[in-house]
Structures are given as C-alpha cells and as structure tokens.
Enquirer: 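Please find one structure pasted underneath; my questions will follow.
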Amino acid sequence: MNDDKGEGVAIANLIGTDGCSIVGWVYRWSTGGHAVMWDVHGPQPVSEIRPDLTAEQKQEIDFDALTRIRRRGGG
C-alpha cells in the first residue's frame, strides 16, 4: 500500500498471545484514520502492539476488543 496514492501505511504489528507471532498490522490512512489488517489466519487474540500506539489510536482500533478475540476451533 502506498500513502502517496491515498492508501494505508503499516505503522505497527499486532502481536499474538505467544508474545512473538505477528498476527496482523495497524494501518494509518491518508485521511488520518486507523484500521487493522489480519494475516491469512484471520482475527486472533492480540497481546500487544509493537511499536506501541497512543491511547487515542488504541481506542480507534478498539485494542481492548482485540485482546478478547476468541481463538478459532473452540479457544
């Protein structure tokens, strides 16, 4: 994605509950908004964001809800 063309730019990694796997990314759009893009496995529980985001950015992507996602397969 290219910010010069009005698209998003990845600004942070979403880290899984194992503490090291990247399960998705946080994108910042040229409009100033933020969004989450998941890896090929889809939504998974998140333990942290690297690098950390501001409280306002975390609220926009609903970080608290990302930490409560249930694992697929009965988790």
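Hydrogens, waters and symmetry mates are skipped; everything else that's a heavy atom, side chains included, is used. In what follows, residues are counted from 1 in the order of the sequence shown.
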Enquirer: Can you list the residues that meet the side-chain hydrogen bond (donor to acceptor under 3.5 Å, both in side chains) rule with Thr67, with sequence neighbours excluded?
Expert: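 Here no residue qualifies.
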
Enquirer: Please identify each residue that fulfils side-chain hydrogen bond (donor to acceptor under 3.5 Å, both in side chains) with Asp64, with sequence neighbours left out.
Expert: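 Asp64 satisfies side-chain hydrogen bond (donor to acceptor under 3.5 Å, both in side chains) with no other residue.
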
Enquirer: Strictly distance-based, threshold 3.5 Å: is any side-chain N or O of Asn13 a donor or acceptor partner for the main-chain N or O of Ile15?
Expert: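 A pair under 3.5 Å: no.
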
Enquirer: Under the salt bridge (Lys or Arg N to Asp or Glu O under 4.0 Å) rule, collect the residues that match up with Glu60, sequence neighbours excluded.
Expert: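 Counting only residues at least two positions away or on another chain, Glu60 forms no salt bridge (Lys or Arg N to Asp or Glu O under 4.0 Å).
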
Enquirer: I'd like to check the side-chain hydrogen bond (donor to acceptor under 3.5 Å, both in side chains) partners of Asp39; sequence neighbours left out, ordered by chain and number.
Expert: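 By the side-chain hydrogen bond (donor to acceptor under 3.5 Å, both in side chains) rule, Asp39 matches Gln44.
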
Enquirer: Taking ILVMFWY side chains as joined if any heavy atoms are under 4.5 angstrom apart, and letting links pass through other members, which residues group with Ile49?
Expert: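 Once heavy-atom contacts under 4.5 Å are chained together, Ile49 belongs with Ile11, Leu14, Val23, Val26, Val36, Trp38, Val46, Leu53, Ile61, Phe63, Leu66, Ile69.
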
Enquirer: Test of understanding: with side-chain hydrogen bond (donor to acceptor under 3.5 Å, both in side chains), list the residues that count as partners of Ser47, not counting sequence neighbours.
Expert: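 Listed in chain order: nothing, the list is empty.
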
Enquirer: Measure across Gly8 and Tyr27 and return the closest heavy-atom pair with its distance rounded to 0.1 Å.
Expert: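 Where Gly8 meets Tyr27 most closely, the heavy atoms are C-CD2, 3.6 Å.
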
